[in-house]
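Let me begin by presenting the structure, written as structure tokens, before commenting on it.
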Amino acid sequence: MRAAATAGKSTDPMPGASQDRNASIKIQTMCLNFAVMTSRFVAFTALLPIIAVMTPTSQKQTIITRFAPSPTGYLHVGGARTALFNWLLARHTGGRFLLRIEDTDLARSTEQAVHQLLEDLKWLGLNWDNPELIFQSKRLDIYNRLINDLIARGLAYKAYETTEELAAFRAQAEKSKRNYVYKRPVLTDEQCRQFEAEGRPHVVRFAMPVQDYQFDDAVLGASQGVAANQVQDFVIRKSDGMPTYHFAVVVDDADMGITHVLRGQEHLLNTVNHIALQQALGYQRPIYAHLPVILAPETGEKLSKRDRDRKIRQRTHEWIKSSKKTLPDLAAACGLAVDRLETWLKNDKTQLDLSEQPKVMKIIGLKEFDLPEIMVHDFRKSGYLPESLNNFLALLGWNPGGDREHMTMAELVEVFTLDGIGKANAKFNREKLLSFNTDACATASPERLLKAFKDFLAANPDSPINGADDAALAKLLSMKAGFRVLREVEEKSRFLFLRDDQITYDPVSVEKILKKNNGEGFATLKNLLELLNPITDWTAEKLEATVNEFVTAKQLKLNNIAQPLRVALSGGTISPPIFQSLEFLGKPSTLARIERCLATQ
RNA sequence: GGCCCUGUCGUCUAGAGGCCUAGGACACGGCCCUUUCAAGGCCGCGACACGGGUUCGAAUCCCGUCAGGGUCACCA
């Protein structure tokens, strides 16, 4: 598919000569890319009528919902929650849940993002019912036919203002404290012909009938709407030939027979555009349900991917202050340009891209796990169970009534209804999610946990635990019972999988546990070496019995032994229960590590 | 700023005029358990945004104020 993309570009004799032409080539290559990549999703256009026909027209109407993400990156929790609600409604009613890719933004849509989206959805267990994915970029013929028809009927028209002109109008309106409302310019027939002949770039706008618009919302109640003086002609086809979201969403929802549209409340006002379009195109209006917005706890504003960048920026400012370093120092250390960093630091509307972030984080000592998880993928990497994420997300803006909180997916499906959805925005509360996950891990079956742990390791390929067999993984899981996320199991037992010479000692632990009181800890380790050396039955039980005997005889506390041992074996003070760790490590490694540690004093 | 939506513990919420001395969960504080980190057990702290109505009676209905959020793109 790379070849196709390259070929498409290289055959253009005059790159940049024609915007339209480039756009259409880009569209073609993009479609090709998607087609090849998703070979098992085949062509779909022909199937749309089938999907519609499959809706039983008799008796009760089958509920059909959809999730329609735009492929611009990983799925984030807001999107996941929207998907979940749509999925739950379909499953609860025995309806259908369809997936559509809204890739009309050529500049931002990528095939990689499509792949990530599907992965995340699968991970969450939100399976969709259309075997062939629907890509808007492959339905241009359909949109264009309808748009041309609207133009012919005088319900839409070409508009020739440039982006700059529009921006100037808006700025003007803002200056005089007015709200900018687009006014259709009066063009003579001659002007139109001339623009047409020039091939002047244009958009197509829908001539929004000037009237009050009202609709009922399943969440917010009846009579939502917008007054006549607020409506304006909006763009339905961009100058690159792609339909806008507003147009494509209306057409596709109708074609797919969508009966219920559950989406974020940020779309509330868009709805009047959509119902006006539905009227013009003769479509039925689906039932709308606008979900409360998920807010970031840090800012109180809509949760967004930007929140991660925000955290990095904030910590960078702190780092510069506390380390008394300058911006050029930082730039040199992380290999980025000074002015790049400067604009980023000063302007919180800008963001570091995914390749720049780690460079800065490394220098200022921020770990990936220090960033707030926003993307579904982040939660997967942190070691959350999809079922607890789903459970938590379901409760953000919905509840079954009463005190019920912990629910399996099956239970969620069973009790989910539209009228359990609330109206007020909800802050995303990570502590509560953590608690849900802790609980889910504690009650999950060993098989379930093992599967989740393997999935976690697959998402964290750098972990030394990768490659361990199932028995070893199961053992780790049981040793660390009580963990909150799988990452904790990894962090606290990864030392068991390092080579003996890879152990690095945490200076604070060494000071506190080994060196303090004239090297008391080191002395203990020496004694332990003698104590453990003769043991042949290297089991946790035997080790514990032996050490306990020693402790009693010497009138010590177990803690006096366990902590120095932890430092010697792991380099720090945190580990699974110590005797189980010893057993897991085995005798040779245990003794080698103690000796190696003793050699450092 | 215009328009729109929304206001119950710090957070998510239960609550459909008397079942409310406002319930649950997370967080927080204290105690217990404990070989580390966790987990667990018990106890505690803690809210109807404010002001007016309506009503015998209001967290619940109405109005206003205030506050928060959303949205004002050739992004979705």
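A, B, ... follow the sequence lines: proteins, then strands. Residue 1 opens every chain.
- Partners of A:Tyr74 by ring pair (Phe, Tyr, Trp, His ring centres under 6.0 Å), not counting sequence neighbours, listed by chain and number: A:His377.
- Look at B:C42: its Watson-Crick or wobble partner, with both distances under 3.5 angstrom, is B:G30.
- Comparing the C1' positions of B:C61 and B:U55 gives a spacing of 10 Å, expressed to the nearest Å.
- For B:C74, the base has a donor-acceptor partner in the side chain of A:Ser239 [N/O atoms by modelled type, under 3.5 angstrom].
- In a base pair of the Watson-Crick type (N1 to N3 plus N6-O4 or O6-N4) or a G-U wobble (N1-O2 and O6-N3), with each distance short of 3.5 Å, B:G1 is matched with B:C72.
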**Prompt:** Nucleotide by nucleotide, 5' to 3', does protein get under 4.0 Å of the base (B), only the sugar-phosphate (S), or neither (-) in nucleotides 59-72 of chain B, counting heavy atoms?
**Reply:** ----------SBSB

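- Contacts of A:Glu161 with the nucleic acid, taken as non-hydrogen atoms under 4.0 Å apart, include base atoms.
- Under the 30°/60° scheme for interplanar angles, the aromatic rings of A:Phe169 and A:Tyr180 are found to lie parallel.
- Residues satisfying the ring pair (Phe, Tyr, Trp, His ring centres under 6.0 Å) test with A:Phe67, not counting sequence neighbours, are none.
- Legend: residues meeting side-chain hydrogen bond (donor to acceptor under 3.5 Å, both in side chains) with A:Glu161, ordered by chain and number and at least two apart, are A:Tyr182.
- Sorted by first then second residue, the side-chain hydrogen bond (donor to acceptor under 3.5 Å, both in side chains) pairs that include residues 224-236 of chain A, not counting sequence neighbours, are A:Tyr157-A:Asp233.
- Within the nucleic acid shown, A:Gly397 comes within 4.0 Å of sugar-phosphate atoms alone, with no base atom in reach, counting heavy atoms only.
- Rounded to whole Å, the separation between the C1' atoms of B:G10 and B:C28 comes to 9 Å.
- With a cut-off of 3.5 Å on both Watson-Crick or G-U wobble distances, the partner of B:A14 is given as none.
- Within the structure, every pair that satisfies the salt bridge (charged side-chain N to carboxylate O under 4.0 Å, His left out) test and touches residues 482-494 of chain A, not counting sequence neighbours, is listed here: A:Arg484-A:Glu488, A:Arg487-A:Glu491, A:Glu490-A:Arg494.
- For A:Glu301, the side chain to side chain contact (heavy atoms under 4.5 Å, CB included) partners at least two apart in sequence or on another chain are A:Thr299.
- A:Phe206 meets the ring pair (Phe, Tyr, Trp, His ring centres under 6.0 Å) test with A:Phe234; sequence neighbours excluded.
- Residue A:Gln224 places none of its side-chain N or O atoms closer than 4.0 Å to OP1 or OP2 of B:C4.
- Ion pairing of A:Arg310 with A:Asp307 is present here, as a side-chain N (NZ or NE/NH1/NH2) and a carboxylate O approach within less than 4.0 Å.
- Contact annotation for A:Gln230: backbone-only contact, meaning every heavy-atom pair under 4.0 Å involves sugar-phosphate atoms and none involves a base.
- Closest-nucleotide positions on RNA chain B for A:Asp419 and A:Ala227 were compared, and the one nearer the 5' end corresponds to A:Ala227.
- Rounded to whole Å, the C1' atom of B:C62 lies 39 Å from the corresponding atom of B:A76.
- The partner of B:G51 is B:C63, by the rule that a Watson-Crick or G-U pair needs both atom distances under 3.5 Å.
- Only A:Arg205, A:Leu220, listed by number, bring a heavy atom of residues 204-222 of chain A to less than 4.0 angstrom from any atom of RNA chain B.
- Rounded to whole Å, the separation between the P atoms of B:A39 and B:C3 comes to 49 Å.
- Taking the nucleotide of RNA chain B with the nearest heavy atom to each of A:Tyr245 and A:Gly420, the more 5' of the two is matched to A:Gly420.
- In this view, A:Tyr245 and A:His267, A:His274 satisfy the ring pair (Phe, Tyr, Trp, His ring centres under 6.0 Å) rule, not counting sequence neighbours.
- Applying the salt bridge (charged side-chain N to carboxylate O under 4.0 Å, His left out) test to residues at least two apart or on different chains, none of the pairs has a partner in residues 201-228 of chain A.
- Applying the 4.0 Å criterion to OP1 and OP2 of B:A73, one finds that A:Lys238 has every side-chain N and O outside that range.
- Comparing the same atom, P, in B:A14 and in B:U60 gives a spacing of 16 Å after rounding to whole Å.
- A tilted orientation is assigned to the rings of A:His406 and A:Phe436, their planes being inclined by 30° to 60°.
- The P atoms of B:G7 and B:A16 are separated by 16 Å, rounded to the nearest whole Å.
- The side chain of A:Lys427 places no N or O atom within less than 4.0 Å of a non-bridging phosphate oxygen (OP1 or OP2) of B:C12.
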**Request:** Mark up nucleotides 34-51 of chain B, 5' to 3', with B wherever a protein heavy atom is under 4.0 angstrom from a base atom, S wherever such an atom reaches only the sugar-phosphate, and - elsewhere.
**Result:** -BBBBS------------

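- Counted within 6.0 Å of NZ on A:Lys305, heavy atoms from surrounding residues, nucleotides or ligands total more than 12; the atom is thus considered enclosed.
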